[in-house]
Q: 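The structure that follows is given in the form of structure tokens.
Quick caveat: nothing in here was measured; it's all calculated off a predicted structure.
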Amino acid sequence: MTAPLDVLAVMAHPDDAEIFCGGALIKSADNGERTGVLDLTAGEAASRGTVESRAREAEAAAAALGLAERRCAGLNDADLVNSRESRGVVAGIVRALRPRVIVTHWTRGRHPDHRAAAALARDAAFLAGLRNFPAEGRRHRPEKVVYAMAFSEEAVKPTFGVDISAQMDRKIAALEAYGTQFLGRSGIGEVFPGGDRPVLDQIRSAHAAWGSLIRRAYAEPYWTEETAMVETLGGLTVATF
């Protein structure tokens, strides 16, 4: 049996985990946590690359992220739906990998697959814990679902930020593995073009802006439905002045 994961990123396409939560995944691995990525689709509808090239790039990126597991659910790219069938597929993989925390897309992304993935990840995580839900494996319910807010343009403040200052260069290295997707581009997916700057420069700049929110060089923003807890007021971080 596979050892349980601490963190599983459930994302629509190969490269989404690297874009939205790659720094946090690297940091978790640095801290000895077992991390994984579940690509819900193989990215077969993308304008660039092939299923085969995306798979090779995802394997190289997984090594850069330090993942313990990477799997593909084989659902339909550009037609991802939160259906009973897809929930059964994802719940079975959740049961197999047994993550404590799931991180997924922000709920209102520009790409329809991203919006569907957010709902699918949450619902499948819940259903995986039902004894009689018809999915492969022994029941398991993750403790927490976290939404990656990177590149969201909505006026919603993150619940918390993860300091990825020490991981930023490796996050970029993981993204560079996807040559078919990033080479020569100024924008991709939720990362809107900012003039003719290379997209990886724009990603780095965006993380610097989020870093300033927590008074660090680089950060990734995350949101939870639950209110975050602190042990004492005396232990609070991020200076007001």
Q: Does the pair Ile214 and Asp163 meet the rule for a side-chain contact (heavy atoms from CB on, under 4.5 Å), with working shown?
A: CA-CA 8 Å; Ile214 62 168; Asp163 177 8; 4.1 Å; yes

Q: Just say parallel, tilted or perpendicular for the rings of Trp106 and Trp223, cut-offs at 30° and 60°.
A: perpendicular

Q: Hey, is the main chain of Leu80 close enough, under 3.5 Å, to the side chain of Asp113 for a donor-acceptor pair?
A: yes

Q: Please name all residues satisfying salt bridge (charged side-chain N to carboxylate O under 4.0 Å, His left out) with Arg215, sequence neighbours left out, ordered by chain then number.
A: none

Q: Less than 6.0 angstrom separating the ring centers of His105 and Phe20, yes or no?
A: yes

Q: Can a salt bridge be assigned to the pair Asp15 and Arg54 using a cut-off of 4.0 Å between side-chain N and carboxylate O?
A: yes

Q: Going through the checks in order, is the side-chain contact (heavy atoms from CB on, under 4.5 Å) test met by Arg141 and Glu143?
A: CA-CA 6 Å; Arg141 182 172 293 152; Glu143 296 177 18; over 6 Å; no

Q: Any chance you could measure Leu40, atom CG, to Asp16, atom CG, to the nearest 0.5 Å?
A: 9.0 Å

Q: Please verify the inter-ring angle class for His111 with His13; under 30° counts as parallel, over 60° as perpendicular, anything in between as tilted.
A: tilted

Q: For a quick check under 3.5 Å, do Thr180 and Glu57 share a side-chain donor-acceptor pair by atom type?
A: yes

Q: Looking at side-chain heavy atoms only, is the closest gap between Thr35 and Leu5 below 4.5 Å?
A: no

Q: Salt bridge (charged side-chain N to carboxylate O under 4.0 Å, His left out) with Asp169: which residues, sequence neighbours excluded?
A: Arg204

Q: Looking at Arg108 and Arg115, would you say the former's side chain and the latter's main chain have a donor-acceptor pair under 3.5 Å?
A: no

Q: Under the salt bridge (charged side-chain N to carboxylate O under 4.0 Å, His left out) rule, collect the residues that match up with Glu52, sequence neighbours excluded.
A: none

Q: Side chain of Asp39, backbone of Cys72: donor and acceptor closer than 3.5 Å?
A: no

Q: Is a side-chain donor or acceptor of Glu18 paired with a backbone partner of Lys171 at a separation under 3.5 angstrom?
A: no

Q: Heavy-atom distance under 4.5 Å between the side chains of Val103 and Leu8, does that happen here?
A: no

Q: Would you check if Val94 and Pro142 make a side-chain contact, meaning some heavy-atom pair closer than 4.5 Å?
A: yes

Q: I'd like to know if Glu226 and Lys144 make a salt bridge, using a cut-off of under 4.0 Å between side-chain N and carboxylate O.
A: yes

Q: With a cut-off of 3.5 Å and sequence neighbours excluded, list every side-chain donor-acceptor pair involving residues 119-137.
A:
residue : atom : partner : partner atom : Å
Arg122  : NH1  : Glu225  : OE1          : 3.4
Asp123  : OD2  : Asn82   : ND2          : 2.7

Q: Distance-only, no hydrogens or angles: does the Thr159 side chain make a donor-acceptor pair with backbone N or O of Thr224 under 3.5 Å?
A: yes

Q: Taking only residues two or more places apart in sequence, or in another chain, which ones meet Arg197 in a salt bridge (charged side-chain N to carboxylate O under 4.0 Å, His left out)?
A: none

Q: Are side-chain N/O atoms of His207 and Glu220 paired as donor and acceptor at under 3.5 Å?
A: no

Q: Is a salt bridge present between Arg70 and Glu59, judged by a nitrogen-to-oxygen distance below 4.0 Å?
A: no

Q: Do side-chain atoms of Glu44 reach the backbone of Asp77 as a donor and acceptor pair under 3.5 angstrom?
A: yes

Q: I'd like to check the ring pair (Phe, Tyr, Trp, His ring centres under 6.0 Å) partners of Phe160; sequence neighbours left out, ordered by chain and number.
A: Tyr222

